[in-house]
Amino acid sequence: MKLCVVGSGYVGLVTAVGFAEMGHVVVGVDNDPAKVERLSSGRSPIYEPGLEELLLRNMEGGRLSFTTDLARGVAESLFCFIAVGTPNADDGSADLGTVLSVAREIARTLTGYRVVVVKSTVPVGTSKKVDQVMRETLGIAPGGTQERFDVVSNPEFLKEGSALEDVLRPDRVVVGVDNPRVAELMKELYAPFTRNGHPVYLMDVASAELTKYAANAFLATKISFINKMAELCDTTGADIMNVRMGMGSDRRIGMPFLYAGVGYGGSCFPKDVKALIHTGESLGISMGILREVEAINARQKAIPVSLIDRIYPGKADLRVAIWGGAFKAETDDIREASSLVTIDACLSRGYRVALYDPEAMENLRGRYKDRIVFGKEPYEVLAGADVLCVLTEWRVFRTPDWERVKKSMRRPVVIDGRNQYDPREIASCGIECYGVGRGERSSAT
Ligand SMILES: NC(=O)c1ccc[n+]([C@@H]2O[C@H](COP(=O)([O-])OP(=O)(O)OC[C@H]3O[C@@H](n4cnc5c(N)ncnc54)[C@H](O)[C@@H]3O)[C@@H](O)[C@H]2O)c1
């Protein structure tokens, strides 16, 4: 089948590559000429494991191409996916400006019947708005049947860091669709992804739109819940790693997303929690549960710098080493990353910051220029440091050479923002280690 995907960011690009890999013919459309040029030469603008290899393979196979020309994409496709950004507006709501302007553009270029698939994360009612603006653009009266296009909601559940795997082998595919004929088309499109029993859930459009927010808000809640337990651990002497094991092994609860640490970030959880709060409150529904999730997360992100203030009260010329700038491992994405809160606070206190991350340094350099120092490898940034903050759970940081860490630093203090280490083991090497919710052992020396 033939489709175009408008927006070649994290979601659009991985979706385009995934559909091409399954044998469909895909045109990726983006309005950023530099991105399209890079993609057209077979280079991925983002880091995702395995992505560049599949990008190249499918381009060479003639199933995948990229363009800035939306009309070309629409002309060559039965399905037009919208996968552009939906950032928060000033009031916290999802800004639908780009989604709706792409919908208008698609309408302007329609040459025959098309299925317009909203893949961006959008609040309940957005697919209706897409339908409305397309009708307006085409001069079709509101309501009633028309045969130029159908609008479908098809939210994306991929996780950055394993995006390709998630797209190729989804847990489920959610499709919100009113027209049974279009439901069959969507099932056919997704058939190669669901052969191994992964279900396509067909539902009404509003439910599909809400499902995406419900899933993300629940996962954010799970993280903030365990972080609140971690705060209790720190004041009672309990160890969150024991608590998480004891509770997470209950199958009704589960271990995933039950990690205490310096908070969630990324382009989705913070924005989607905000947007869902806005949706609820604008309907007069109290969203206190999610307001608390946000407040806990903000506190978690501030933990490293609060600890630094506590360990070095009033000290001016600190040297802070950071391992990990990406909001999580296996991605170069720094949007809403916990590292940004730590870096900004350190810079505002006049500290020297040296950082290493396996993939995110280009993005961080774009943001901080020469205001922070970047290392070529993890140990380089430790030279003369007063504290090491481990803020991303990259594998390369899991089993450091503690003797080397200790020798490199001016004072060996480690803030383990992702609970990667056993504080007792580190203490036995003569290093102060502060985890998140590790109880009295947090600062064992
Ligand atoms: N990143 C994730 O992990 C993730 C997961 C699930 C859902 N989502 C949702 O998917 C949507 C896209 O997110 P993303 O992370 O891929 O965003 P992104 O910012 O990485 O990508 C958006 C892309 O759209 C392009 N674009 C903007 N305006 C355009 C236009 N008028 N025409 C063509 N291209 C245009 C941009 O150049 C960019 O390449 C959002 O609604 C997001 O909430 C994201």
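The residues of the chain are indexed from 1 along the displayed sequence. Numbering of ligands and ligand atoms starts at 1, following listing order.
Taking atom 28 (N) of ligand 1 as the reference point, the nearest protein heavy-atom neighbour is Thr98 CG2, 3.3 Å. Scanning the protein heavy atoms around atom 22 (C) of ligand 1, the nearest turns out to be Gly85 N, 3.9 Å. The protein heavy atom nearest to atom 13 (O) of ligand 1 is Val11 CG2, 4.1 Å. Nearest protein neighbour of atom 30 (C) of ligand 1, counting heavy atoms only, is Asn31 ND2, 3.3 Å. Taking atom 21 (O) of ligand 1 as the reference point, the nearest protein heavy-atom neighbour is Gly9 CA, 3.2 Å. What sits closest to atom 6 (C) of ligand 1 on the protein, heavy atoms only, is Glu156 O, 3.2 Å.
Using a 4.0 Å cut-off between heavy atoms, Arg335 contacts ligand 1 through its side chain alone, with no backbone atom that close. For Leu158, heavy-atom contacts with ligand 1 shorter than 4.0 Å involve the backbone as well as the side chain.
Among residue pairs with one or both ends in residues 5-33, those qualifying as side-chain hydrogen bond (donor to acceptor under 3.5 Å, both in side chains) are Tyr10-Asp332, Glu21-Arg57, Glu21-Asn58; sequence neighbours excluded.
Taking OG1 of Thr121 as the start and CZ of Phe157 as the end, the distance is 8.5 Å to the nearest 0.5 Å.
For Ser101, the closest heavy-atom approach to ligand 1 does not fall below 4.0 Å.
Centroid-to-centroid, the aromatic rings of Tyr190 and Phe19 come within less than 6.0 Å.
Looking at Asp32, Thr67, Asp30, it is Asp30 that brings a heavy atom closest to atom 37 (O) of ligand 1. Looking at Lys271, Arg104, Glu160, it is Glu160 that brings a heavy atom closest to atom 1 (N) of ligand 1.
The pair Glu281-Arg291 meets the salt-bridge criterion, with a side-chain N (NZ, NE, NH1 or NH2) lying under 4.0 Å from an Asp/Glu carboxylate O.
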